[in-house]
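A short write-up of the structure that comes next.
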Amino acid sequence: MSRILLIEDHERLAQLVCKGLAGAGIAVDVVSRVDAAWAAIQQLSYQAMILDRGLPDGDGLILLQKLRKANLGLPCLVLTARDALHDRVEGLDAGADDYLPKPFAIDEMVARVRALLRRPVVLSALNPSHGDLTLRPDTGVLWRGERSVALSPAEMQIMLLLLHNQEDVARRSALEAAAWGLSEAVTPNALDVALHRIRRKLIAIGSRYKIINVRGHGYALREHDGAQ
């Protein structure tokens with residue numbers, strides 16, 4: 001399932017957008033501030049974002065400009081009550097991929113988000129890899145050479161974050177957020193169960209890598225010699 005980030009401080013509108021996207025099979029995390037959105041993007045792998053301009057801590061374009069300066073090509077649909085030509089040009093110049101003035105039809109918004117989801121975020125990261133592992137998110141399959149194993153959606157999101165980090169440590173909270181989003185309640189042992197399943201799958205395909213617990217910090221992919 002695709003997951004996008006919605007940055008919108010109007011609670012009722014956020015609920016309507018989430019409902020419309022959920023009906024299209026698109027999961028949504030919602031934040032209402034620029035700083036919270038930036039923090040979420042640092043933790044999770046989103047396929048697109050919907051950005052309101054008028055936020056409590058400033059113009060949403062501040063976030064968009066920050067992302068583009070960091071060379072993050074996350075597809076972005078800008079929502080705004082400002083529909084003057086210069087406002088649209090300003091948003092596009094800041095790096096927006098599409099622009100939708102309020103009020104808008106939910107069906108049109110969903111169609112525009114679907115169009116954004118068809119665009120790759122970063123071409124080089126379509127099939128992230130590290131060591132002998134390659135993940136193909138479009139099929140949810142993890143490969144080691146000619147051997148492969150299917151991952152559940154939560155397992156795939158966990159592996160995406162671990163592969164993105166290479167051998168750096170990923171915090172437990174970041175892995176939980178990656179697998180189940182910022183809004184969904186997670187049972188205390190859900191991550192442990194998912195990690196156990198991924199570890200077994202790594203063994204099944206004969207990978208040299210395993211997921212280790214760096215006590216007090218989190219988890220990381222590390223190479224092992226097979227004797228451990």
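Treat the numbers as computed from the prediction; the structure is a model and nothing was measured.
A side-chain donor-acceptor contact under 3.5 Å links Gln47 to the backbone of Arg3. Here the side chain of Asp57 pairs a donor or acceptor atom with the backbone of Asp35 at under 3.5 angstrom. Side-chain atoms of Arg144 come within 3.5 Å of backbone N or O of Ile205 as a donor-acceptor pair. Under the 3.5 Å distance criterion, the side-chain polar atoms of Asp59 are matched with a main-chain donor or acceptor of Leu61. Side chain of Arg222 to main chain of Ile211: no donor-acceptor pair is present (N/O by atom type, distance under 3.5 Å, no hydrogens or angles).
Hydrophobic clustering of Ile, Leu, Val, Met, Phe, Trp and Tyr side chains at less than 4.5 Å, counting indirect connections, unites Leu13 with Leu21. Both Val149 and Leu133 belong to a common hydrophobic cluster when Ile, Leu, Val, Met, Phe, Trp and Tyr are linked at side-chain heavy-atom distances under 4.5 angstrom. In the hydrophobic clustering of this structure, Ile26 groups with Leu16; members are Ile, Leu, Val, Met, Phe, Trp, Tyr whose side-chain heavy atoms approach within less than 4.5 Å, directly or through other members. Linking Ile, Leu, Val, Met, Phe, Trp and Tyr whenever their side-chain heavy atoms come within less than 4.5 Å puts Val110 and Phe104 in one cluster.
Arg68 has a carboxylate O that lies under 4.0 Å from a charged side-chain N of Asp97, or vice versa, which qualifies the two as a salt bridge. Note on Lys102 versus Glu8: salt bridge recorded, some NZ/NE/NH1/NH2 to OD/OE distance being below 4.0 Å. One finds a salt bridge joining Glu155 and Lys201 here, because a Lys/Arg side-chain nitrogen approaches an Asp/Glu carboxylate oxygen to under 4.0 Å.
Taking all atoms of both residues into account, the shortest heavy-atom contact from Val34 to Gly58 is CG2-O, 4.3 Å. Closest non-hydrogen pair, Leu63 versus Trp38, comes out as CD1-CE3, 3.9 Å. Taking each heavy atom of Gly60 and Leu51 in turn, the nearest pair found is O-CD2, 3.1 Å. The two residues Ala174 and Leu44 have their closest heavy-atom pair at O-CD2, 4.0 Å. Pairing each heavy atom of Gly20 with each of Ile106, the nearest pair is CA-CG2, 3.8 Å. When all heavy atoms of Ser129 and Thr134 are compared, the pair lying nearest together is CB-OG1, 3.4 Å.
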- Task: May I have the step-by-step check of side chain to side chain contact (heavy atoms under 4.5 Å, CB included) for Leu6 and Tyr46, ending in yes or no?
- Result: CA-CA 10 Å; Leu6 170 62; Tyr46 292 105; over 6 Å; no

- Message: The test is side chain to side chain contact (heavy atoms under 4.5 Å, CB included); show your working for Val17 and Val28 and say whether it passes.
- Response: CA-CA 9 Å; Val17 169; Val28 186; 5.7 Å; no

- Task: Start with the C-alpha distance between Ile212 and Tyr219, add both sets of side-chain angles, then the distance that settles side chain to side chain contact (heavy atoms under 4.5 Å, CB included), and finish with yes or no.
- Result: CA-CA 6 Å; Ile212 67 165; Tyr219 299 85; over 6 Å; no

- Message: Please evaluate residues Met156 and Leu142 with respect to the criterion side chain to side chain contact (heavy atoms under 4.5 Å, CB included), reporting the C-alpha separation (whole Å), side-chain torsions for both, the decisive distance (0.1 Å), and the verdict.
- Response: CA-CA 8 Å; Met156 186 184 73; Leu142 181 66; over 6 Å; no

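Contacts of Arg172 classified as salt bridge (charged side-chain N to carboxylate O under 4.0 Å, His left out), with partners at least two apart in sequence or in another chain: Glu176, Asp192. Contacts of Asp168 classified as salt bridge (charged side-chain N to carboxylate O under 4.0 Å, His left out), with partners at least two apart in sequence or in another chain: none. Shown here are the side chain to side chain donor-acceptor pair (under 3.5 Å) partners of Asp132, two or more places apart in sequence or in another chain: Ser207. Residues satisfying the salt bridge (charged side-chain N to carboxylate O under 4.0 Å, His left out) criterion with Arg112, sequence neighbours excluded, are Asp98, Glu108. When the salt bridge (charged side-chain N to carboxylate O under 4.0 Å, His left out) test is applied to Asp9, no partner is found at least two apart in sequence or on another chain.
Residues Gln157 and Leu160 are in side-chain contact: their nearest non-hydrogen atoms beyond the backbone lie under 4.5 Å apart. Residues Asp52 and Ile7 fail the side-chain proximity criterion, which asks for heavy atoms closer than 4.5 Å. Between Val113 and Leu77 the shortest side-chain heavy-atom distance falls below 4.5 Å. Counting only heavy atoms from C-beta outward, the side chains of Gln15 and Lys19 never approach each other to under 4.5 Å. Under the 4.5 Å side-chain criterion, counting only non-hydrogen atoms from C-beta, Leu100 is in contact with Met109. Under the 4.5 Å side-chain criterion, counting only non-hydrogen atoms from C-beta, Leu5 is not in contact with Ile50. In this structure the side chain of Leu117 reaches within 4.5 angstrom of the side chain of Ile4, judged on heavy atoms. The shortest distance between side-chain heavy atoms of Met49 and Leu64 falls below 4.5 Å.
With ring centers used as reference points, His130 lies under 6.0 Å from Tyr209.
Rounded to the nearest 0.5 Å, atoms CG (Leu195) and NZ (Lys210) are 14.0 Å apart. Note that NE2 of His10 is 12.5 Å distant from OG of Ser32, once rounded to the nearest 0.5 Å.
Taking Ile, Leu, Val, Met, Phe, Trp and Tyr as hydrophobic and joining them when side-chain heavy atoms fall under 4.5 Å apart, one finds Ile62 isolated, its cluster having no other members.
Within a 6.0 Å radius of CZ in Arg199, other residues, nucleotides and ligands contribute more than 12 heavy atoms. Counting heavy atoms of neighbouring residues, nucleotides and ligands inside a 6.0 Å radius, atom CD of Gln42 exceeds 12 of them.
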